[in-house]
Protein chains: 2
Amino acid sequence: MKKEFQKNFSPKVIERLTEYLRYLEECPEENYISAEKIGKELKISSPQIRKDFSYFISRDVEKLGVTGKGYHTQYLCEKIKMILGVHKTNNVVLLGAGSLGSAFLSEYHLAKKKFNVIGVFDSSPKKIGKKINGVVVKNMNELDSFIKLSEKVDIILLTSIPADIEEFLNTITLKGVKAILNFTTHNFNFLKDIAVISVDIYGKLQELNYWKNHGIA
Amino acid sequence: MKKEFQKNFSPKVIERLTEYLRYLEECPEENYISAEKIGKELKISSPQIRKDFSYFISRDVEKLGVTGKGYHTQYLCEKIKMILGVHKTNNVVLLGAGSLGSAFLSEYHLAKKKFNVIGVFDSSPKKIGKKINGVVVKNMNELDSFIKLSEKVDIILLTSIPADIEEFLNTITLKGVKAILNFTTHNFNFLKDIAVISVDIYGKLQELNYWKNHGIA
DNA sequence: TAGATTGTTAATCGATTAACAATC
DNA sequence: TAGATTGTTAATCGATTAACAATC
């Protein structure tokens, strides 16, 4: 072992790992692939890629690639998946069964990507009881008991803001939910023990609107 | 004028500008606001914020804030909007009228944010001719003529991949479309003259899945 | 072997922060 | 005035890249 252990993956590196994984899963034709090749496709420099992959070494493996040959595609995929924790199935609860929530159920193959939607909740009487893609929408006020009784919930996919957000946060904190993918405009900056990634469509449109006027992005 | 002009806004700064704008629009109660206050709310350091705002100076204004007082909320909002180009209306074309596309029409107030959806296209016969939120879905193969005849298209909101993607890119390049907000898995890394921001939900779930196991995000 | 490509170190580049004079 | 907070410079920190020895 050359390293003292545990150079940690930075957020930037984790982001790129998901890009590598997407690319590798789309083109598994080749047995071995070089950092150069991946980089051309994804517009990432090859030293960057080798450096990113070097973080796996001694944490996980002695050596990730083969000198003079490249990285074994399948093996690389597996290793990235293990780091990201998507080698095994994770449980997702969807909050909000509006068209955005429905889109996640119908247009995304979440289960294929190891994200299993084990519950869908909404507070609108119009939606409660309906089936969306084979899943019955439950009343938001049952979330509390559901989450307490269910198997571990890994991620909450949030497409609408719960009426009593404090209570909601208490519940999921107690039950040990550790992550929220947030599509609402609610500000979760104050959370301490729950990882939150917010996707702000308006924000992305605004950024893009700037770049369309100023070249590149 | 103190500066020689045009320190440019970096992608990181542009991203934060959208965060500032969101916060400022949500709480316009105060007349003046300090970098300290904004930073507390958004978990961004106050020197960072002042530095970000300093890029406005001499490009746009002599002075953005008021020493000892803070930034005039309304004025700051306006200035950020002007930089992002959302002080005036921009035209958006939506490609794909599936549930994700529908969500953008029904759950997002795009027009309020100065993004006006002037056309919706899909290639599925089931969807063509239908109305979604008051907009008639057109046949994807009419996109070409539509885009040539219509007023300027600023942004294409892409929720499904056009059958002939080469032709699609030719069309929009010729017509001068400069930006794509991409929700598909298609790789647009090779585009030269069109700004693309891709939102990869799977990727975000994977990142989150990592952070849920390793604390913070 | 010769050619290719890794893993890594050192150099560079860019972004963040600390600190403070200026001043409302 | 005293207190607050800006705008900016210099210092720090972190991320990217260049370069190359190791080696398959």
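Only a predicted model underlies this, so the values are computations on that prediction, with no experimental measurement involved. Every chain is numbered from 1 and lettered A, B, ... according to where its sequence line falls, protein lines coming before strand lines.
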Exercise. What nucleotide among C:dT5, D:dC20, C:dT16 has an atom nearest to a side-chain atom of A:R50?
Worked result: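 Between C:dT5, D:dC20, C:dT16, the one nearest the side chain of A:R50 would be D:dC20.
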Exercise. Closest to the B:K12 side chain: C:dA15, D:dT6, C:dT6?
Worked result: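 Among the listed nucleotides, the one closest to the side chain of B:K12 is C:dA15.
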Problem set entry | Side-chain donor-acceptor pair present, B:K114, A:N209, cut-off under 3.5 Å |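 No, because no side-chain N or O of B:K114 sits under 3.5 Å from a partner of the opposite role on A:N209.
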Length of the [atom1]-[atom2] vector between [X] and [N], whole Å:
X: A:N31; N: C:dA4; atom1: CG; atom2: P; result: 19 Å
X: B:K40; N: D:dT5; atom1: NZ; atom2: P; result: 10 Å
X: A:N8; N: D:dG14; atom1: CG; atom2: P; result: 13 Å
X: B:I49; N: C:dT17; atom1: CD1; atom2: C1'; result: 13 Å
X: A:K51; N: D:dA19; atom1: NZ; atom2: P; result: 17 Å
X: A:Q48; N: C:dT6; atom1: CD; atom2: P; result: 14 Å
X: B:F53; N: D:dT8; atom1: CZ; atom2: P; result: 14 Å
X: B:L64; N: D:dT8; atom1: CG; atom2: P; result: 11 Å

Problem set entry | Pair B:Y32 and B:Y71, ring centroids less than 6.0 Å apart |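 No.
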Problem set entry | Of A:P47 and B:K63, the one whose closest DNA chain D nucleotide lies more 5' |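 Nearer the 5' end of the strand: B:K63.
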Exercise. Want to settle it: does A:V66 or A:D52 sit nearer the 5' end of DNA chain D, counting the closest nucleotide to each?
Worked result: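 Taking each residue's closest nucleotide, the earlier one in sequence belongs to A:D52.
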For this session: Take the angle between the ring planes of B:F104 and B:Y108 and call it parallel below 30°, perpendicular above 60°, tilted in between.
Result: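 Rings of B:F104 and B:Y108: tilted, as their planes differ by 30° to 60°.
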For this session: May I have the step-by-step check of side chain to side chain donor-acceptor pair (under 3.5 Å) for A:Y55 and A:N8, ending in yes or no?
Result: CA-CA 7 Å; A:Y55 295 124; A:N8 266 305; over 6 Å; no
For this session: Answer yes or no: does a side-chain N or O of B:S45 lie under 4.0 Å from OP1 or OP2 of C:dT17?
Result: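 It does, given that an N or O in the side chain of B:S45 lies less than 4.0 Å from OP1 or OP2 of C:dT17.
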Exercise. Quick one: is B:R16 getting a side-chain N or O under 4.0 Å of the C:dT16 phosphate, OP1 or OP2?
Worked result: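 Yes, because at least one side-chain N or O of B:R16 sits under 4.0 Å from OP1 or OP2 of C:dT16.
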Exercise. Salt bridge check: are A:D154 and B:K212 linked by an N-O gap of less than 4.0 Å?
Worked result: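 Judged by the 4.0 Å cut-off on N to carboxylate O distance, A:D154 and B:K212 do form a salt bridge.
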For this session: Classify the nucleic acid contact of B:S10 as base, sugar-phosphate or nothing, counting any heavy atom under 4.0 Å across all strands shown.
Result: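 Since only primed, P, OP1 and OP2 atoms lie under 4.0 Å of B:S10, the category is sugar-phosphate.
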Exercise. Using a cut-off of 4.0 Å on non-hydrogen atoms, how would the nucleic acid contact of B:Y71 be classed: base, sugar-phosphate, or nothing?
Worked result: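 Counting heavy atoms under 4.0 Å across all strands, the contact made by B:Y71 is with sugar-phosphate only.
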Exercise. Does C:dA21 have a Watson-Crick or wobble partner in any strand here, with both distances under 3.5 angstrom, and which is it?
Worked result: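 Base partner found: D:dT6.
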